[in-house]
Amino acid sequence: MIKERIKELLDQYFTAGVDQGLWTNAAAGSYTVELPKHASHGDFSTNMAMLIARREKKNPREVASLLAEKMGGDGDLFDKVEIAGPGFVNFFVRDAVWQSVVQSVCEQGYGYGLSQIGRQKKVLVEFVSANPTGPLSIGHGRQAVLGDAIARLLEATGHVVMREYYYNDAGRQMRVLGESTRARYLELLELSGEFPEEGYQGEYIYDIARKLVAEKGDSLKDADDVTPFKETAEKEIFADIVETLQRLDIKFDNYYNEHSLYEKGLVDDVVARLRDKGLAYDHDGAVWFKTTELGQEQDRVIIKSTGEPTYRLPDIAYHREKLKRGFDWLVNIFGSDHIATVPDVLAGLRALGYDDTKVTVVIHQFVTLTREGKQVKMSTRKANFVTVDELFDEVGPDVIRFFFLMRKADSQLEFDLDLATKESQENPVFYVQYANARLSSIQKKAKEKNIARGPLQDVSLKKLTLAEELNMLKALASYPELVESSALDLSPHRIIFFLMDLAGQFHSYYNSHLVISDEPELTQARLWLAEALRIVFHNGLRVVGLSAPESM
RNA sequence: GCGCCCGUAGCUCAGCUGGAUAGAGCGCCGGACUUCGAAUCCGUAGGCCGCAGGUUCGAAUCCUGCCGGGCGCGCCA
């Protein structure tokens with residue numbers, strides 16, 4: 001908000017300069033206001049003078065001094081405005097401005113950091129979307145947490161969000177699942193049965209088969225149809241998946257079944273429309289999508305010669321349907337192994353006359369597990385992959401969530417089990433939560449001592465003069481903008497880094513300064529500062545779905 | 001071979017639309033509890049930001065080419 005005010009001022013002086021003929025409009029909108037790394041460069045800094053100078057062929061430091069002179073007059077905001085280096089204008093904000101942040105935070109409370117920049121834009125966040133063929137793997141776990149945190153950030157910034165899980169219970173995968181289950185069922189009955197070539201070998205298939213034996217005895221032993229096996233397996237597995245997600249505090253608003261696209265004729269309609277536009281043709285008994293016409297290397301099959309569609313056809317229909325459902329923005333969270341599907345879907349949307357810039361795909365890289373410094377081997381095919389549930393056996397939901405959010409989606413993520421299972425010391429999850437607990441505890445302590453926080457307007461916040469205090473206030477002030485940028489860039493990891501940094505500042509401060517001291521005025525100011533910190537820790541933790549415990 | 005992602009301290013990773021002397025956690029070593037919670041803190045060490053060019057007043061960040069790693073490249077999803 002303080003940054004916003006400086007931007008406004010800069011714009012104002014920029015246009016004033018244009019009016020006075022000092023420079024032209026050429027540099028409009030290109031300059032930035034940033035936070036310098038070094039305190040000697042002030043609280044904010046702008047490169048405006050250098051950009052003007054370049055376009056006007058003027059001396060940057062001369063332009064800077066003109067600006068500094070104009071801006072420096074604002075005694076409410078600034079202590080001083082300096083020019084430095086090649087032509088930076090550095091702003092030194094008055095302490096009182098920072099101190100007033102306590103008031104903003106405490107007045108807004110749990111609403112601090114929420115905004116309306118999303119303007120009620122309707123966003124559909126699609127994630128997980130794993131077919132119910134087995135328990136959620138650790139890769140799904142990352143995706144689940146990432147998608148949910150993004151959804152929460154979008155909600156916090158005034159978007160209307162729907163979380164959707166897209167699945168297909170009618171394809172080849174599911175048939176193989178049914179066959180695998182039947183094979184295990186027969187095996188349990190000590191009857192002969194061939195285990196399918198690419199079958200699902202996980203232990204969970206036995207569990208389902210055992211359940212079938214218990215409920216149905218051997219009545220299914222001669223069934224030709226795998227449907228009862230498939231249906232039972234699907235039901236059981238889906239229930240497990242939903243439960244796993246619930247443990248992570250993730251709830252979907254909608255489960256979208258691919259099958260319904262066929263029932264509504266939406267898949268056929270896509271083919272018909274592509275044919276109309278001359279973008280689909282028959283060849284070798286299959287139907288092809290002429291993606292070369294849309295800038296791709298090769299055409300793609302959308303209906304196999306067997307008459308079955310390939311995955312990309314329903315995918316296109318699905319995305320088109322999402323836009324038709326009225327969403328302004330489609331956010332998809334995919335694992336990097338699905339990266340190849342993206343261009344086809346976008347091409348399909350464009351071909352059908354839809355705006356594919358409404359689709360943003362977040363591709364996240366893989367997760368590796370390490371224990372005692374060594375990588376834990378995972379192989380999906382052989383079913384000895386680590387599941388989210390197994391992770392739960394070792395760590396709680398907050399640890400899982402935090403670790404999955406600690407890296408940006410683009411980076412591969414190493415999940416260090418040794419670090420994650422430590423209940424103390426190095427574990428960054430507890431480090432942050434401990435800060436929140438400590439802050440809560442300070443307030444309790446004050447109550448015990450019968451020290452109530454007085455009315456905010458009577459508190460002399462100007463007592464908060466320590467460098468540590470001002471730095472924390474600056475961090476608090478930057479929080480709302482952080483939420484906005486994290487949301488719009490779909491980057492929840494920035495919230496995590498912010499929290500770790502703020503926790504570090506606070507723990508350090510706590511160890512060298514008393515909040516509750518024998519100076520009443522100072523105690524009041526610091527109690528309110530502590531309250532502001534507690535609120536921001538709470539809001540920051542909650543906005544990405546982490547809990548904010550008052551004690552631990 | 002082609003496409004996408006990554007390459008920053010011993011390890012794991014931040015670094016926002018290019019900005020002024022490159023950061024954190026872990027690990028190592030040495031310290032701090034008669035004070036609001038020691039799940040904490042303080043101190044030291046550690047870097048040709050993969051390599052080479054280019055654009056720019058200014059590059060870890062943008063462009064090109066190499067090198068190394070991951071994921072894809074199917075009438076599988």
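Here is the naming used below: chain letters follow the sequence lines, and residue numbers restart at 1 for every chain. Values below: all heavy atoms of this structure, side chains included; hydrogens, waters and symmetry mates excluded. Everything numeric in this text was worked out from a predicted model, so none of it was measured.
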Check whether the side chain of [X] and the base of [N] form a donor-acceptor pair under 3.5 Å.
{"X": "A/Asp337", "N": "B/rG72", "value": "no"}
{"X": "A/Asn47", "N": "B/rA20", "value": "no"}
{"X": "A/Arg312", "N": "B/rG74", "value": "no"}
{"X": "A/Tyr311", "N": "B/rA77", "value": "yes"}
{"X": "A/Ser411", "N": "B/rA14", "value": "no"}

Starting at atom [atom1] of [X], determine the distance to atom [atom2] of [N], rounded to an integer number of angstrom.
{"X": "A/Arg438", "N": "B/rU35", "atom1": "CZ", "atom2": "P", "answer": "13 Å"}
{"X": "A/Phe289", "N": "B/rC75", "atom1": "CZ", "atom2": "P", "answer": "15 Å"}
{"X": "A/Ile333", "N": "B/rC5", "atom1": "CD1", "atom2": "C1'", "answer": "16 Å"}
{"X": "A/His493", "N": "B/rU12", "atom1": "NE2", "atom2": "C1'", "answer": "14 Å"}
{"X": "A/Lys57", "N": "B/rC57", "atom1": "NZ", "atom2": "C1'", "answer": "12 Å"}
{"X": "A/Ile316", "N": "B/rA77", "atom1": "CD1", "atom2": "C1'", "answer": "14 Å"}

What's [X] touching, base or sugar-phosphate or nothing? Going by heavy atoms closer than 4.0 Å.
{"X": "A/Ser305", "value": "base"}
{"X": "A/Lys304", "value": "base"}
{"X": "A/His338", "value": "base"}
{"X": "A/His41", "value": "base"}
{"X": "A/Ala446", "value": "nothing"}
{"X": "A/Ser478", "value": "nothing"}

Shortest side-chain distance from [X], nucleotide among [options]:
{"X": "A/Lys408", "options": "B/rC57, B/rC41, B/rA14", "answer": "B/rA14"}
{"X": "A/Lys37", "options": "B/rC42, B/rC75, B/rA20", "answer": "B/rA20"}
{"X": "A/Phe88", "options": "B/rC36, B/rC13, B/rA20", "answer": "B/rA20"}
{"X": "A/Glu414", "options": "B/rU12, B/rA14, B/rC75", "answer": "B/rU12"}

query = What pairs of residues pass the side-chain hydrogen bond (donor to acceptor under 3.5 Å, both in side chains) test when at least one of them lies in residues 394-417 of chain A, not counting sequence neighbours?
reply =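 Non-adjacent pairs meeting side-chain hydrogen bond (donor to acceptor under 3.5 Å, both in side chains): A/Asp148-A/Arg401, A/Thr370-A/Glu414, A/Arg371-A/Glu394, A/Asp398-A/Gln433, A/Asp398-A/Ser547.
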request  = Map every base of RNA chain B to its dot-bracket character, where paired means a Watson-Crick or G-U wobble contact with both distances under 3.5 Å and | marks a partner outside the strand.
outcome  = (((((((..((((.....[...))))..((((.......))))......(((((..]....))))))))))))....
Looking only at side chains, do [X] and [Y] share a donor and an acceptor under 3.5 Å apart?
{"X": "A/Gln298", "Y": "A/Thr291", "answer": "no"}
{"X": "A/Asp299", "Y": "A/His283", "answer": "no"}
{"X": "A/Gln505", "Y": "A/Ser508", "answer": "no"}
{"X": "A/Thr523", "Y": "A/Ser517", "answer": "yes"}

task = Please indicate yes or no: is the ring centre of A/His507 less than 5.5 Å from the centre of the six-membered base ring of B/rC41, with the two planes inclined by under 30 degrees?
result =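 Per 5.5 Å and 30° rule: no stacking.
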Closest-nucleotide ordering on RNA chain B, the 5'-leading residue of A/Asn511 and A/Ala340 =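 This one resolves to A/Asn511.
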request  = Let me know, please, whether A/Ile442 or A/Ile339 comes out on the 5' side of the other along RNA chain B by nearest nucleotide.
outcome  =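 Its nearest nucleotide lies further toward 5', so the answer is A/Ile339.
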query = What residue among A/Tyr318, A/Tyr165, A/Tyr167 forms ring pair (Phe, Tyr, Trp, His ring centres under 6.0 Å) with A/Tyr256?
reply =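 Between A/Tyr256 and the candidates, ring pair (Phe, Tyr, Trp, His ring centres under 6.0 Å) is satisfied uniquely by A/Tyr318.
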query = Any cation-pi pair here, A/Arg453 with A/Trp528, using under 6.0 Å and within 45°?
reply =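 Here A/Arg453 passes the 6.0 Å and 45° test against A/Trp528.
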inquiry  = Between A/Trp288 and A/Ala280 (side chain of the first, backbone of the second, donor and acceptor by atom type, cut-off under 3.5 Å), is there such a pair?
reply    =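 Answer holds: no.
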